[in-house]
Amino acid sequence: MQLDFLKKDERLAIELKALYRSYGFGEYKLSGFEDYSLYTEHKSFLEGKGVLSFVEGGKLLALRPDVTLSIVKNVPADGTKKLFYDEHVYRKTACGSFAELRQLGVEMLGNIDKTAEREVVSLILATLGKIGENYVLDISHTGIIVKITELLNLTSSGTRFVLGCLESKSVHDFIRFAGENNLDERYSKAFAALIELTSEPTAAIAKLREIAAYTGINEETDELEQYVKTGGGRVNINFSVFGASDYYNGAVFKGYVEGIPHAVLSGGRYDKLLEKFGKKAEAVGFALYLGEISKYFKEQTDAPDEVIVYTDETAERAYVAAQKARGNGKKVLLSREVPRNFNGNTVYAENCDD
Amino acid sequence: MINIALPKGRLGEKAYKLMEKAGFGCSEYSESVRKLVFRDKENGISLFWVKPFDVCAYVESGVADVGVVGKDVLEEQSSDVYELLDLNIGKCAVCVAAEKGFEDDYSGPLRVATKFVRSAERYFSSVGRETEIIKLNGSIELAPVLGLSDVIFDIVETGETLKENGLQVIEKVSSVSARLIANKSSYKFKYDELKDFNEKLKGVMNYD
């Protein structure tokens, strides 16, 4: 098999599966469909991805918009499990229609210690490194966001508003809101600092230490510092990254690769999701949106290197010539006519050697 | 090279003047030319003039690294972008307006004409009012006058157009101004350039 003939997303999937297996992770295959109720019960975990449902034998079923929920539901909470998956998910796109997208991901469930977290970060960085040379992993901490937001003492709509400011780095709107609502000056400054935090991780940690003195976020800052150390210059602290706080509890990740205009992977520490399933265990994982990023891989092409054009009279000669060329590492198409817009080498079988 | 999407029209012109003042002028650019793309290699910028409602799409897709867009449009489109700066220009307000003398009797859904469908739905749901939203693409003020809607949900700058059409503001929903937005990935991989652009714009802004 000529591996060079694989498209980048196909090659990437193979390489990533090999990578995850090299860390001792086993593949987890999901079967069939999911009960629709799984998604109605955990709506905020889906962050508006939408669910395609249908009725089969009187049961309301769904095409999966997400894999993590199914894994958490199905995997028994005994011992530590290290899994990866390669599945298709069905989600709403920006224009409102559903799309089928390939997703690869890693989940670790059970006892998640410092070493396990370190392994996840190195797996994320290795994953990003296989997509492109220039990449960065943004990390934030749900605990820090929750603690400082709670100190602002807001209503639920106020909380939604300030979290929106954090997500879009809109410090001007937050400062205006803080002034209009007479928020505590010190805690407002702490929240504004989260929005404006420098992308340089050492300075960011130093700023968080300052804030920790009066907000009690020392432990969480220690965790972030650990992630930064593991990242070797590829990890930035960025609080515009966060997940639903009723599911995530620790670090939250988003990975970016130069040339792709949106995050290519996301994940985090989600012990609270397991709690909701009555499982006493910890969990961390990430998902790579392979289906959404493959359009940015420019070198993808199905075009052959050569077309051998044949007739009934020259078919045998064409077949032999094509096999020989393929054996020499060429992509060869046998055809009765030259395909439209084909720019490669065209050979007419009557000119091939006997 | 920073790729910048500016909205065609008055707001874009104001934003461009601000950029010029901050040292990001484009030698090729002229208001009288109908070209839509201009480049200035020396200043390291490329300008695209696009429809105001399309700025977010250009930035979110990474075709433009940054863009200038009204907060009204940004709220409507809920785009996944960073909002780096309130440029303090293009100030107006999102309002609910109706014909003089209109009183909502709550006997049925309120008919609302707007081009900001999602924002209108969000607002009326937050105040618990059932609505029938009518999506229009322009001349929104006509809708209540001709009986197409009970109220309009639209931006109001001076209130002159409302007045001329016999309408008045019955509720101010939010304040609007132009924002500098950035693509999330560009902000990471062109950080120094975009930070410099942002800081220099901040330096020439009018804060009154």
Side-chain angles (χ1 to χ4, degrees), chain A residues 47-48 92-96 128 131-139 155-158 160-161 164-177 180 195-200 234-241 254-266 289 292-293 295-296, chain B residues 3 5 56-67 69 71 74-89 91 117-119 122-123 125-128 174-195 198-199 201-202 205 207:
Chain A
E47 294 168 341
K92 251 189 191 165
T93 59
C95 46
L128 293 172
I131 302 168
E133 272 177 30
N134 203 4
Y135 57 89
V136 65
L137 177 64
D138 277 359
I139 293 193
T155 60
S156 58
S157 67
R160 262 200 312 278
F161 181 83
C165 295
L166 186 61
E167 191 177 12
S168 62
K169 288 188 178 286
S170 171
V171 73
H172 40 274
D173 279 344
F174 172 74
I175 290 170
R176 195 173 300 131
F177 177 86
E180 283 167 4
I195 301 178
E196 290 190 294
L197 207 66
T198 168
S199 68
E200 201 287 296
R234 298 280 194 173
V235 170
N236 287 341
I237 297 175
N238 180 353
F239 284 94
S240 79
V241 173
K254 260 193 182 159
Y256 291 85
V257 176
E258 191 169 21
I260 300 179
H262 51 76
V264 300
L265 68 74
S266 67
Y289 316 126
E292 285 159 77
I293 62 174
K295 63 181 171 211
Y296 298 103
Chain B
N3 300 307
C56 291
Y58 279 92
V59 175
E60 199 173 5
S61 66
V63 171
D65 301 307
V66 291
V69 64
K71 183 73 176 173
L74 200 53
E75 291 272 310
E76 174 66 11
Q77 301 186 337
S78 308
S79 304
D80 189 23
V81 292
Y82 290 138
E83 191 188 314
L84 301 180
L85 205 55
D86 180 349
L87 292 167
N88 231 18
I89 53 174
K91 285 182 172 181
V117 173
R118 287 194 216 166
S119 305
R122 255 197 318 266
Y123 168 71
S125 135
S126 77
V127 296
S174 60
S175 298
V176 169
S177 55
R179 307 299 165 98
L180 177 72
I181 58 170
N183 174 270
K184 288 191 170 180
S185 188
S186 299
Y187 194 66
K188 288 162 214 316
F189 299 108
K190 290 186 176 179
Y191 183 75
D192 291 339
E193 280 171 272
L194 296 188
K195 190 83 187 156
N198 191 28
E199 290 304 318
L201 274 185
K202 221 190 261 185
M205 267 169 48
Y207 287 96

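Because the structure is predicted, anything quoted here is derived from the model rather than measured. The analysis underlying the following values was restricted to heavy atoms, covering all of them including side chains, and did not include hydrogens, waters or symmetry mates. Chain A is the first sequence line, chain B the second, and so forth, proteins listed ahead of strands; every chain is numbered from 1.
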- Item | Short N-O contact, D86(B) and K71(B), less than 4.0 angstrom |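 Answer for the salt bridge query: no.
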- Item | Ionic contact status for D192(B) with K195(B), cut-off 4.0 Å |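 The answer is no: the pair does not qualify as a salt bridge.
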- Item | Proximity breakdown for S186(B) and chain A, heavy-atom pairs closer than 4.5 Å |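 Contact with chain A involves no heavy atom of S186(B) at all.
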- Quick one: side-chain hydrogen bond (donor to acceptor under 3.5 Å, both in side chains) partners of N198(B), sequence neighbours excluded?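 So N198(B) forms no side-chain hydrogen bond (donor to acceptor under 3.5 Å, both in side chains) with any residue.
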- All side-chain hydrogen bond (donor to acceptor under 3.5 Å, both in side chains) counterparts of E196(A), not counting sequence neighbours: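 Counting only residues at least two positions away or on another chain, E196(A) forms no side-chain hydrogen bond (donor to acceptor under 3.5 Å, both in side chains).
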- If you count heavy-atom pairs under 4.5 Å with chain A, which of K190(B), E83(B), R179(B) comes out on top?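 Looking at each option in turn, the highest pair count goes to E83(B).
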- Picking from N183(B), I181(B), L74(B), which has the most non-hydrogen pairs under 4.5 angstrom with chain A?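 The residue among N183(B), I181(B), L74(B) with the greatest pair count is N183(B).
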- Task: Flag the one option from V171(A), I195(A), D173(A), D138(A) with the top tally of heavy-atom pairs under 4.5 Å to chain B.
- Result: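 Max contact count across the listed options: D173(A).
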- For residues F189(B) and Y256(A), report the shortest heavy-atom separation together with the two atoms involved.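 Heavy atoms of F189(B) and Y256(A) come nearest at CZ-O, 3.6 Å.
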Proximal component of [X], with respect to chain B [non-hydrogen, under 4.5 Å]:
X: V257(A); answer: backbone
X: I260(A); answer: backbone
X: N236(A); answer: neither

- Tell me whether the centres of the aromatic rings in Y296(A) and H262(A) are closer together than 6.0 Å.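 Ring-ring flag for Y296(A)/H262(A): true, centres closer than 6.0 Å.
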